Asker: 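The structure that follows is given in the form of structure tokens.
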Amino acid sequence: MAELKCILWDVDGTLADTERDGHRVAFNLAFEEAGLARRWDVPTYGELLAVTGGKERIRFDHERLGTEVPPAEEIARLHASKTMHYQKLIAAGRIPLRPGVRRLLEEAYAAGITLGVATTTTPAALDALIEHSLGAEWFDRFAVLAAGDIVPAKKPAPDIYTYAMDQLGVSARETLAMEDSGNGWKAAAAAGLKCVVTINDYTRDHDFAGADLVVSELGEPEAPPVHVFANPHGLDDLHHVRLAHLQAIMHG
Ligand code: XBP
Ligand code: MG
């Protein structure tokens, strides 16, 4: 039994549904701009999400098609262009936060819980989402922004979570992860964290066996109740996910 001291948030799919209408669209714009014929449609992109990290995903696409993998510098250039397009999409306000994210962040912040980000996405992409979707005050409210290539092994490796906890000086016992995907859940579990999962259309069939709560979204008091897919701690009153639920998970 431990007190909840820290919540580490995944970004893509958890804070906002960024993949289908954000990252995917930005990759396609970068392919087009580079004169490449490749386009990732919605189902194809879902398959490519098996690999985290945009540069890694481009490489994986070539590997699985059996086409020649471009040199690392070329992939990096293509990915830099993708990041620029992604920043523009985010700046245009195309991607709102998921239901309940702001509410729960505010509640936890007001309660003095340490908040951080642990994501595989590129720092520039994360910064755009904070600035345009969350609000610039969150640059200070998050005590750590752990992102991208800062650790070499991306999720499902635990490294980004371990890195974030090291930076904050908190232990796995007192930290909870918020995730949306199988790879994210595996990373959190491998780092020894309890984990709440909010699924989305790309991740609803992923394996979340062992997660501490699996729901459709965090939800809002005035909206219909969330769908609960797994509630191993037997949490009550799950119309929407509140800080009290996260604290109960840590006690359980
Ligand atoms: C997110 C990712 C990222 C984004 C694209 O995974 O895998 O690669 O899809 O971002 P998670 P970049 O939510 O588990 O962190 O192109 O900036 O890598
Ligand atoms: Mg995610």
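Worth saying up front: this structure is predicted, and the values here are computed from it rather than measured.
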Asker: I need the Lys186 NZ to Thr52 OG1 distance, nearest 0.5 Å.
Answerer: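 Reported to 0.5 Å precision, the distance equals 10.5 Å.
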
Asker: Taking the side chain as every heavy atom from C-beta outward, state whether Leu213 and Leu238 have any pair of such atoms under 4.5 Å apart.
Answerer: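 Yes, close enough: below the 4.5 Å cut-off.
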
Asker: Any sub-3.5 Å donor-acceptor pair from His245's side-chain atoms to Asp237's backbone N or O?
Answerer: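 A pair under 3.5 Å: yes.
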
Asker: Identify the two heavy atoms, one from Gly13 and one from Thr18, that lie closest to each other, and give their separation to 0.1 Å.
Answerer: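 That closest heavy-atom pairing would be N-OG1, 3.7 Å.
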
Asker: Please report the shortest heavy-atom distance between Ala187 and Lys155, naming the atom on each side.
Answerer: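 Heavy-atom minimum between the residues: CB-CG, 3.6 Å.
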
Asker: Counting C-beta onward and ignoring hydrogens, is there a side-chain heavy-atom pair between Leu145 and Phe139 closer than 4.5 Å?
Answerer: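 Touching, per the 4.5 Å side-chain cut-off.
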
Asker: Does Arg20, at its CZ atom, have more than 12 non-hydrogen atoms belonging to other residues, nucleotides or ligands within less than 6.0 Å?
Answerer: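 No.
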
Asker: To the nearest 0.5 Å, tell me how far Ser133 OG sits from Arg102 CZ.
Answerer: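 One gets 8.5 Å once the value is rounded to the nearest 0.5 Å.
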
Asker: Do the side-chain N and O atoms of Tyr161 and Glu179 include a donor-acceptor pair separated by under 3.5 angstrom?
Answerer: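 Tyr161 vs Glu179: donor-acceptor pair found between side chains.
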
Asker: Taking side chain to side chain contact (heavy atoms under 4.5 Å, CB included) as the test, write out the residues that go with Ala189, two or more places apart.
Answerer: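 Side chain to side chain contact (heavy atoms under 4.5 Å, CB included) list for Ala189, sorted by chain: Trp185.
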
Asker: Hey, does the side chain of Ser181 reach the backbone of Gly184 with a donor-acceptor pair shorter than 3.5 angstrom?
Answerer: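 Present.
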
Asker: In terms of hydrophobic clusters joined by side-chain contacts under 4.5 Å, are Leu104 and Tyr109 together?
Answerer: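 In one cluster: yes.
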
Asker: Quick one: hydrophobic cluster around Leu29, which other residues, with the 4.5 Å side-chain cut-off, linked directly or via members?
Answerer: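 Listed partners: Val25, Leu89.
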
Asker: Given the rule that I, L, V, M, F, W and Y join up when any side-chain heavy atoms are under 4.5 Å apart, are Val117 and Val196 in one cluster?
Answerer: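 Yes; tracing contacts between hydrophobic side chains, which count when under 4.5 Å, links both residues.
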
Asker: Are Leu246 and Leu97 linked, directly or through intermediate hydrophobic residues, by side-chain heavy-atom contacts shorter than 4.5 Å (ILVMFWY only)?
Answerer: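 Yes, same cluster.
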
Asker: Can you check whether Ser216's main-chain N or O pairs, donor with acceptor, with Arg204's side chain at less than 3.5 Å?
Answerer: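 Not at all, since once roles are kept as given, no pair shorter than 3.5 Å links the two residues.
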
Asker: Just wondering, do Glu106 and Arg141 contact through their side chains at under 4.5 Å, heavy atoms?
Answerer: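 Arg141 reaches Glu106 side chain to side chain.
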
Asker: Taking all non-hydrogen atoms of both residues into account, name the closest pair between Ile75 and Pro70 and its distance.
Answerer: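 In this case the closest contact between Ile75 and Pro70 is CD1-O, 3.7 Å.
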
Asker: Quick check for you: to the nearest 0.5 Å, what is the distance between Asp166 atom CG and Asp159 atom CG?
Answerer: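 So the CG of Asp166 and the CG of Asp159 are separated by 10.5 Å.
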
Asker: Determine whether Met165 and Leu8 make a side-chain contact, defined as any pair of heavy atoms from C-beta on separated by less than 4.5 Å.
Answerer: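 Side-chain contact under 4.5 Å: yes.
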
Asker: Can you tell me how far the NZ atom of Lys55 sits from the CZ atom of Arg59, to the nearest 0.5 Å?
Answerer: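 That separation rounds to 8.5 Å.
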
Asker: Quick one: closest heavy-atom pair of Ser81 and Ala30, and the distance?
Answerer: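 That would be OG-CB, 3.4 Å.
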
Asker: Check whether His239 reaches the backbone of Ala223 with its side chain - one donor and one acceptor, N or O, closer than 3.5 Å.
Answerer: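 Indeed, once roles are kept as given, a pair shorter than 3.5 Å links the two residues.
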
Asker: What's the spacing between Thr121 OG1 and His23 NE2 if we round to 0.5 Å?
Answerer: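 Spacing of OG1 (Thr121) from NE2 (His23) equals 3.5 Å.
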
Asker: How would you list all residue pairs meeting side chain to side chain donor-acceptor pair (under 3.5 Å) that involve residues 222-233, not counting sequence neighbours?
Answerer: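 Every side chain to side chain donor-acceptor pair (under 3.5 Å) pair that includes a residue of residues 222-233, provided the two are not neighbours, is Asp212-His233.
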
Asker: Is the closest basic N to carboxylate O distance between Arg103 and Glu220 below 4.0 Å?
Answerer: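 Glu220 and Arg103: salt-bridged.
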
Asker: With no hydrogens and no angle check, is any side-chain donor or acceptor of Tyr163 less than 3.5 Å from a backbone partner on Ala118?
Answerer: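 Between the backbone of Ala118 and the side chain of Tyr163 there is no qualifying donor-acceptor contact (under 3.5 Å).
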
Asker: Just grab all the side chain to side chain donor-acceptor pair (under 3.5 Å) pairs involving residues 60-71, residues at least two apart or on different chains.
Answerer: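 Sorted result for residues 60-71: Arg38-Asp61, Trp40-Asp61, Glu47-Arg64, His62-Thr67.
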
Asker: Would you call Leu105 and Phe142 a side-chain contact if the rule is heavy atoms closer than 4.5 Å?
Answerer: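 Sidechains of Phe142 and Leu105: in contact.
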
Asker: State yes or no: do Val42 and Leu48 share one hydrophobic cluster built from I, L, V, M, F, W and Y residues joined by side-chain heavy-atom distances below 4.5 Å, directly or via other members?
Answerer: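 Looking at the clustering, Leu48 is in the same group as Val42.
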
Asker: Taking the side chain as every heavy atom from C-beta outward, state whether Val101 and Trp9 have any pair of such atoms under 4.5 Å apart.
Answerer: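 Contact flag for Val101/Trp9 side chains = yes.
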
Asker: I'd like to know if Ile130 and Ile113 are part of one continuous hydrophobic network [Ile/Leu/Val/Met/Phe/Trp/Tyr, side-chain heavy atoms within less than 4.5 Å].
Answerer: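 Ile113 and Ile130: one cluster.
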
Asker: Any side-chain heavy atom of Leu4 sitting closer than 4.5 Å to one from Ile249?
Answerer: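 Side chain of Leu4 against side chain of Ile249, heavy atoms only: no contact under 4.5 Å found.
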
Asker: Check for me whether Arg24 meets the cation-pi criterion with Tyr45, that is, NZ or CZ under 6.0 Å from the six-membered ring centre and within 45 degrees of the ring axis.
Answerer: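 No.
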
Asker: Would you name the heavy atoms of Met178 and Ile7 that are closest together and state the gap between them?
Answerer: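 For Met178 and Ile7, the tightest heavy-atom pair comes out as CG-CG2, 3.5 Å.
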
Asker: Are the side chain of Thr203 and the backbone N or O of Ile199 linked by a donor-acceptor pair below 3.5 Å?
Answerer: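 Absent.
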
Asker: Is the backbone N or O of Thr14 less than 3.5 Å from a side-chain atom of Thr198, with the two atoms forming a donor-acceptor pair by type?
Answerer: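 The answer is no, because no donor-acceptor pair under 3.5 Å joins these two groups.
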
Asker: Atom CG in Leu126, atom CD in Glu131: separation rounded to 0.5 Å?
Answerer: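 One gets 11.5 Å once the value is rounded to the nearest 0.5 Å.
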
Asker: Could you go through the side chain to side chain contact (heavy atoms under 4.5 Å, CB included) check for Met250 and Leu176 one step at a time?
Answerer: CA-CA 8 Å; Met250 301 309 275; Leu176 182 82; 4.0 Å; yes

Asker: Could you check Asp12, Asp149, Asp10 and say which one makes a salt bridge (Lys or Arg N to Asp or Glu O under 4.0 Å) with Lys154?
Answerer: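 With Lys154 as partner, Asp12, Asp149, Asp10 yield a single salt bridge (Lys or Arg N to Asp or Glu O under 4.0 Å), made by Asp149.
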
Asker: Output every pair passing ring pair (Phe, Tyr, Trp, His ring centres under 6.0 Å) with a member in residues 113-137, not counting sequence neighbours, ordered by first then second residue.
Answerer: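 Output for this query is empty, none listed.
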
Asker: If you take all heavy atoms of Val241 and Glu217, which pair is closest and at what distance?
Answerer: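 Shortest heavy-atom separation between Val241 and Glu217 comes out as CG2-O, 4.3 Å.
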
Asker: Apply side chain to side chain contact (heavy atoms under 4.5 Å, CB included) to residues Thr120 and Asn183 and explain how you reach the verdict.
Answerer: CA-CA 11 Å; Thr120 68; Asn183 279 331; over 6 Å; no

Asker: Let me see the working for Thr83 and His79 under side chain to side chain contact (heavy atoms under 4.5 Å, CB included), right down to the final yes or no.
Answerer: CA-CA 6 Å; Thr83 299; His79 187 256; 3.6 Å; yes

Asker: Under the side chain to side chain contact (heavy atoms under 4.5 Å, CB included) rule, collect the residues that match up with Ser171, sequence neighbours excluded.
Answerer: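 Partners of Ser171 by the side chain to side chain contact (heavy atoms under 4.5 Å, CB included) criterion, ordered by chain and then number, come out as Arg173, Glu174.
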
Asker: With the side chain counted from C-beta on, respond yes when Thr122 and Lys82 share a heavy-atom pair under 4.5 Å apart, and no when they do not.
Answerer: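 Answer no - side chains too far apart.
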
Asker: Verify side chain to side chain contact (heavy atoms under 4.5 Å, CB included) between Ile58 and Phe27, making sure each step is shown before the conclusion.
Answerer: CA-CA 9 Å; Ile58 294 170; Phe27 278 112; 4.0 Å; yes

